[in-house]
Protein chains: 2
Amino acid sequence: MLKEKIKAGFRSSLVEKGLKSTRQREEILDEFLNDGSHQSAEELYLRLRRKNPRIGYATVYRTLKLFEECGIAEPRQFGDGQTRYESSFDEHHDHLICTTCGKIIEFENPEIEALQLKVAGEHGFVIDRHRLNLYGRCRDCRKT
Amino acid sequence: MLKEKIKAGFRSSLVEKGLKSTRQREEILDEFLNDGSHQSAEELYLRLRRKNPRIGYATVYRTLKLFEECGIAEPRQFGDGQTRYESSFDEHHDHLICTTCGKIIEFENPEIEALQLKVAGEHGFVIDRHRLNLYGRCRDCRKT
DNA sequence: CCCAACATTGAGACTCATTTTCAATAATGG
DNA sequence: CCATTATTGAAAATGAGTCTCAATGTTGGG
């Protein structure tokens, strides 16, 4: 199953980097992979603490950065002041954000991505990644 | 000239809101309009201090927020941890950001925007604004 | 022109997310 | 099992941005 492959890949990355595999790193990766997307370090920390109250705040922050370096997680800013991480193994997507209720909907649009590549090329850029956020009001919030 | 119109509009907004026109607000607006885009509060503050060393840090922050409320400036996040403001009177545009040298290039693409509206509509959203950042390497940085 | 009413300012204290420090602890290779 | 070296947790530090408050400036009326 995918999760096991990700965990195995993480352990290999650690070895490559000369880092150690620890209980905390395993626990954090587990919890990160279990939950849905868009998790902040704090949310993850609070959930982890329910299982293991001895886990440290800083460890969660450090480990999320490590996941980023290992290509497991990617940081995103949605404008609420917290960095949220999503799994790099989710298929690529962009976000619709409701400015009333905070709901986040994911979408993908290959046509938009093709146009991005075209525009970048016209300016001599090679793109690594992009961030597209659309802010507005969702169906429910428009009713009220 | 455009700047004078913006300043006049700002003074009207102040009156409407029951706020006062002060020397600091004028100075900050002047400096904001003089400089190119993507200014952080701190950069603006440092430049203002050269002319008027008595200006306060908090005043610059407050005034930028006020500009935002008055429709003069818009905040943006480029991932360096600082909020940067651009003039609302620049035509709408998105950004290409070089992750090596930090250069920011602006572009516009109506096709992409049309597709954004379409996608949003399919999810029942009405969009107020969007943020599209493309991160990569510029022509110069790819050479090295 | 002057005053009263009230908005604004600047300095510094404060917040909040995140990072760093450091002594204690745990993982790894031999 | 040991020595080496990375990691951890707690607390202190950081940095962008916000708030507080006494002093100051702006305004509309008189």
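Residue numbers begin at 1 in each chain, while the letters A, B, ... track the order of the sequences. From a predicted model like this one, the values you see are computed outputs, not experimental measurements.
- One can place CG of L19(A) at 14 Å from C1' of dA26(C), the figure rounded to the nearest angstrom.
- In this structure, E74(B) does not pair ionically with R129(B), as no charged nitrogen and carboxylate oxygen lie closer than 4.0 Å.
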Side-chain donor-acceptor distances from residues 51-62 of chain B under 3.5 Å, at least two apart:
unit_1	atom_1	unit_2	atom_2	d
K51(B)	NZ	E31(B)	OE1	2.8
N52(B)	OD1	R54(B)	N	3.0
N52(B)	ND2	E27(B)	OE1	3.0

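- The backbone N or O of T83(B) sits nowhere less than 3.5 Å from a side-chain atom of S40(B) that would complete a donor-acceptor pair.
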Can you give me every donor-acceptor pair (side chain of residues 112-128 of chain B, partner residue at least two apart or in another chain, under 3.5 Å) with its distance?
unit_1	atom_1	unit_2	atom_2	d
E113(B)	OE2	H92(B)	NE2	3.2
Q116(B)	OE1	H130(B)	ND1	3.1

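- Along DNA chain D, the stretch of nucleotides lying under 4.0 Å from any heavy atom of chain B spans, 5' to 3', dA16(D) to dT27(D).
- When heavy atoms are screened at a 4.0 angstrom cut-off, S21(B) is found touching the sugar-phosphate backbone but no base atom.
- Side chain to side chain, R11(A) and S21(A) fail the donor-acceptor criterion of an N or O pair below 3.5 Å.
- Across all strands, K17(A) comes closer than 4.0 Å to no nucleic acid atom at all (heavy-atom distances).
- Residue T83(A) places at least one side-chain N or O under 4.0 Å from the OP1 or OP2 atom of dT18(C).
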Determine, for nucleotides 9-14 of chain C in 5'-to-3' order, which nucleotides have protein heavy atoms under 4.0 Å from the base (write B), from only the sugar-phosphate (write S), or from neither (write -). BBBB--
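- Under the salt bridge (charged side-chain N to carboxylate O under 4.0 Å, His left out) criterion, E68(A) pairs with no residue at all, not counting sequence neighbours.
- Looking only at atom types and distance, the side chain of H93(B) has no donor-acceptor partner in the side chain of E108(B) under 3.5 Å away.
- Residues of residues 66-76 of chain A having a heavy atom closer than 4.0 Å to DNA chain C: none are found.
- Between K7(A) and D30(A) a salt bridge is recorded (basic side-chain N to carboxylate O distance below 4.0 Å).
- Ring geometry for F78(A) against H38(A) counts as perpendicular: the plane angle is over 60°, on a 0 to 90° scale with 30° as the lower cut.
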